[in-house]
Amino acid sequence: MRRVTSFRVFSPTPSGDGRVIPRWLRLRCFSAAAAVPLPEVPESLGSLATEEPEKKKEKKKRRRRLTKGSTSSSASGYSETAEIVRWNKVITGHMRWGRCEEASQAFDAMPRRTTVSWNAMLSGYITNDRFELALHVFRRMPHRDLVSWNTMISGFVRNGDLSSARRLFDEMPDRDIVSWNAMISAYAQYGQVDAAREMFDRAPVKNAITWNGLLAAYVQNGRLEAARKLFDSSPEWETVSWNAMLAGYVHRRRLEEARELFDRMPRRDVVSWNTMVSGYAQAGELGVARLLFDRAPTKDVFTWTAMLSGYAQNGMLEEARRVFDKMPEKNEVSWNAMIAGYVQHCRMEQAMELFGVMPCRNISSWNTMITGYAQNGELSHARKLFDEMPRRDSISWAAMIAGHSQSGLSEEALGLFIEMGRLGERLNRSAYTCALSTCADISALECGRQVHGRLVKAGYAAGCFVGNALLAMYCKCGSIDEAYDAFMEMPAKDVVTWNTMIAGFARHGFGREALEVFDWMLDLHTRPDDVTLVGVLSACGHAGLVEKGIGCFYAMERDFGITPKPQHYTCMIDLLGRAGRLGEAQVLMQSMPFEPDATMWGALLGASRIHGDTELGESAARRIFEMEPENSGMYVLLSNLYAAAGKWADVGRMRVMMRDKGVRKVPGFSWIEVQNVVHTFSVGDAAHPQKEEIYAFLEDLDRRLKKAGHVSVTKTVLHDVEEEEKEQMLKYHSERLAVAFGILRVPRGRPIRVIKNLRVCEDCHSAIKYISAMEGRLIILRDSNRFHHFSGGSCSCGDYW
DNA sequence: ATAGGGTTAG
């Protein structure tokens with residue numbers, strides 16, 4: 001027995017939902033040989049390809065014309081001598097290159113400062129993300145003109161503080177069209193479409209930018225139909241707005257509509273072409289993308305990079321490399337796209353080679369490499385780069401944390417998270433999400449609570465993404481109450497939120513609550529998806545609601561348009577089998593449109609054990625052994641079945657079979673967290689400092705258990721995977737030790753939470769039920785596939801698991 | 001010196 005001051009993990013630690021999909025698997029991985037669709041020649045393209053790239057100077061002139069009359073800028077009251085103008089140019093020059101210090105020195109050295117100088121400092125600090133300094137300048141400046149106010153508004157917006165931006169807008173003595181436009185696009189950017197609309201309606205003057213702001217509000221927030229309606233309502237849009245509309249369709253993969261629009265455009269600029277090229281490239285239609293690419297009358301870095309990354313992401317690395325080598329100019333994005341292409345297809349040597357010669361590495365380049373190594377499990381390489389890089393941002397940390405967590409090194413992952421917070425690194429949403437899912441993986445409830453507290457302080461609690469992670473963390477850490485609280489507090493719930501809550505209740509054995517949440521979801525007109533139905537069906541199974549489950553199963557296709565997947569059939573086999581309707585379960589299995597897999601046979605085997613159908617159990621087990629000969633859990637399940645039927649010879653045979661096949665038994669462990677220390681126990685563990693106390697207590701418990709009517713379920717059965725031992729000191733399974741320790745150390749009135757890496761054995765399950773009644777304690781046990789809440793002599797699993 | 005569209009990393 002070890003006492004550890006940090007979190008100890010035994011792999012494989014099952015994740016709460018039983019399956020861990022490594023994030024790198026989700027990366028797009030198409031084989032390089034995948035057929036490329038033949039370029040389909042868009043007829044309408046040829047004739048209309050007249051271009052009129054707007055010159056920068058013209059644009060500027062245009063803009064000046066637009067704003068003229070509505071603004072009275074440079075109302076400084078000072079005449080600007082040529083010398084002052086020169087100084088102001090020096091300031092903006094420094095600021096453009098991020099040299100805030102030098103700009104500040106120039107500002108101080110000037111003989112005289114005009115409002116333009118102050119404004120240059122203000123906007124310089126803002127574009128360089130020195131928000132505090134900008135605010136300081138704004139407060140100190142002797143005279144503010146419209147530009148100062150507008151600049152400060154954009155500063156607040158950039159800093160994510162919409163309400164302050166709005167306050168400034170309301171407070172400013174005078175507003176011009178720029179102020180209105182700034183607010184409209186700010187609301188658009190932060191998803192507040194209605195507020196953007198309101199601003200638009202209230203704006204006393206409107207120009208093309210105003211209109212475009214409203215259009216962007218719709219497009220960027222996925223309200224394409226509204227955007228299109230607006231777009232169609234006016235015949236005159238600038239190319240910028242055409243492009244925004246185009247991008248909206250492309251983003252949603254609605255390429256036909258994008259193309260229809262593109263073909264009709266009166267003028268196309270390089271952005272229009274880029275949007276289309278990248279749209280087709282991202283959709284995997286590289287033939288069409290290439291065709292457009294070849295036809296584009298002007299190409300800039302974006303065009304080339306879009307084409308390059310299209311090839312790279314679809315695994316066509318040679319083509320990507322050809323584009324890369326031919327590019328007339330490359331920026332860091334082009335390099336990063338090429339490197340990312342290699343990384344995503346596990347060609348780390350080539351990625352590294354490119355990274356090594358890259359002239360303009362930025363943080364992203366480092367992050368891409370780190371992510372690549374981390375996702376390939378080469379954590380030492382990742383760490384080396386991480387330590388070497390000149391600056392780290394939250395993405396670098398997140399890549400390291402996620403990498404460790406995906407490689408099963410949850411403890412190190414959490415350690416990194418803590419280190420990150422200690423270094424004062426600004427934690428972003430993804431860092432919190434990452435930390436929460438790590439806590440969930442190792443059932444670190446206390447740590448999860450601390451992360452929760454910190455993210456509330458950081459103001460991230462209302463986010464859907466973080467909220468879902470929080471909810472999942474509490475579910476997986478066995479605190480269904482806190483999960484429910486988190487669920488209730490979420491202002492916006494998406495499908496994932498509902499799914500997580502439903503599955504959480506189901507896994508904890510609270511089927512009825514799960515179904516209530518499901519009904520509530522339907523009431524609110526949230527459309528369930530296939531994951532929802534897995535949760536619902538398993539909830540029905542756990543609550544013994546057979547008819548309801550059957551009803552849902554048949555309703556899913558009819559009412560929700562969801563075709564049942566293998567997981568749904570597994571739930572149904574489990575549900576029917578548990579209810580003793582083994583025949584129906586078999587019929588269902590035969591009528592499925594796919595072959596039964598090992599988990600389905602496993603469900604059938606489990607049901608056979610409960611209902612004592614040795615023959616069916618045997619045949620199910622045979623199929624499992626064929627498919628997964630190393631699955632030790634199934635041998636155990638079958639032995640238990642034999643034992644229940646009194647077939648001791650067969651139990652012996654199973655032991656021999658396991659030995660002959662070399663099936664390795666996974667050692668069983670249980671652990672419990674008491675006052676931030678995780679105590680781990682193995683079977684018959686005798687190394688704990690308080691072992692005398694624990695064993696004495698267990699002996700006493702044993703006596704009282706017998707008196708209360710607990711009969712040892714097994715003596716001969718091959719328990720779980722923990723080997724049966726005869727010695728007195730070794731007779732207790734790890735979960736029993738952990739529970740005993742919990743009763744001794746966890747304050748009365750608080751639940752005792754124990755985690756086990758394998759399934760709980762039948763004898764312990766029965767004993768813990770009695771213990772919960774005798775001691776008047778709530779005991780929550782997470783085993784390898786579900787949660788058991790023991791209280792008052794019964795368990796939330798209803799004795800079936 | 002302030003407001004609008006397109007590419008990459010997480």
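Note that these values count all heavy atoms, side chains included, but never hydrogens, waters or copies made by symmetry.
Which of B:dG5, B:dT7, B:dA9 sits closest to the side chain of A:Ser364 comes down to B:dA9. For A:Asp145, whose side chain is taken as the heavy atoms from C-beta onward, the closest listed nucleotide among B:dA9, B:dG4, B:dA1 is B:dA1. With B:dA9, B:dA1, B:dG4 as the choices, the nucleotide that has an atom nearest any side-chain atom of A:Arg96 turns out to be B:dA1. Side-chain atoms of A:Asp269 lie closest to B:dG5 of the nucleotides B:dA3, B:dT2, B:dG5. Each of B:dA1, B:dT7, B:dA3 was ranked by its minimum atom distance to the side chain of A:Ser185; first place goes to B:dA3. Among B:dG4, B:dA3, B:dA1, the nucleotide with an atom closest to any side-chain atom of A:Ser123 is B:dA1. Of the candidates B:dT8, B:dT2, B:dG10, the closest approach to any side-chain atom of A:Ile395 belongs to B:dG10. For A:Asn150, counting side-chain heavy atoms from C-beta on, the closest listed nucleotide (B:dT2, B:dA1, B:dT8) is B:dT2.
Remark: the A:Asp393 side chain and the B:dG10 base include no donor-acceptor N/O pair separated by less than 3.5 Å. Applying the 3.5 Å distance criterion, the base of B:dG5 shares no donor-acceptor pair with the side chain of A:Glu238. Looking at A:Asn119, its side chain comes within 3.5 Å of the base of B:dA1 through a donor and an acceptor atom.
None of A:Phe156, A:Tyr187, A:Trp180 except one satisfies the ring pair (Phe, Tyr, Trp, His ring centres under 6.0 Å) rule with A:Phe169; the exception is A:Trp180. The ring pair (Phe, Tyr, Trp, His ring centres under 6.0 Å) with A:Trp273 is formed by just one residue from the set A:Phe293, A:Phe262, A:Trp242; it is A:Phe262. Checked against A:Trp335 for a ring pair (Phe, Tyr, Trp, His ring centres under 6.0 Å), the options A:Trp304, A:Phe324, A:Trp366 give a single hit: A:Phe324.
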Going by atom type alone, with no hydrogens or angles, which donor-acceptor pairs under 3.5 Å involve a side-chain atom of residues 97-109 of chain A and a protein atom two or more places apart or on another chain?
{"from": "A:Arg99", "atom 1": "NE", "to": "A:His94", "atom 2": "ND1", "distance (Å)": "3.0"}
{"from": "A:Arg99", "atom 1": "NH2", "to": "A:His94", "atom 2": "ND1", "distance (Å)": "3.3"}

Under 3.5 Å, which donor-acceptor pairs do the side chains of residues 134-141 of chain A form with other protein atoms, sequence neighbours left out?
none

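Look at NZ on A:Lys206: it is 16 Å from C1' on B:dG4, rounded to the nearest Å. Between A:Gln313 atom CD and B:dT7 atom P there is a gap of 12 Å when expressed in whole angstrom units. For the pair A:Asn314 CG and B:dT8 P, the interatomic distance rounds to 12 Å; values are reported in whole Å. Atoms CZ (A:Arg144) and P (B:dA1) sit 21 Å apart, rounded to a whole Å. Whole-Å rounding puts the A:Met369 CE to B:dA9 P distance at 15 Å. Across the protein-nucleic acid pair, A:Trp118 atom CH2 and B:dA1 atom C1' stand 14 Å apart, rounded to whole Å. We find that CZ of A:Phe465 is positioned 14 Å from P of B:dG10, with the value rounded to whole Å. B:dG5 atom C1' lies 15 Å from atom CG of A:Leu230, rounded to whole Å.
Side chain of A:Arg112 to backbone of A:Ile84: no donor-acceptor contact under 3.5 angstrom is found.
Taken residue by residue, residues 160-173 of chain A places no heavy atom nearer than 4.0 Å to DNA chain B.
Within 4.0 Å of A:Ala340, counting heavy atoms only, lie sugar-phosphate atoms of the nucleic acid but no base atom. When heavy atoms are screened at a 4.0 angstrom cut-off, A:Asp300 is found touching base atoms of the nucleic acid.
Other residues, nucleotides and ligands contribute at most 12 non-hydrogen atoms within 6.0 Å of the CZ atom of A:Arg252.
Between A:Gln189 and B:dG5 there is no side-chain polar atom (N or O) within less than 4.0 angstrom of OP1 or OP2. OP1 or OP2 of B:dA9 has at least one side-chain nitrogen or oxygen of A:Gln344 nearer than 4.0 Å.
A pairwise comparison of heavy atoms in A:Glu260 and A:Arg228 identifies OE1-NH2, 3.7 Å as the closest pair.
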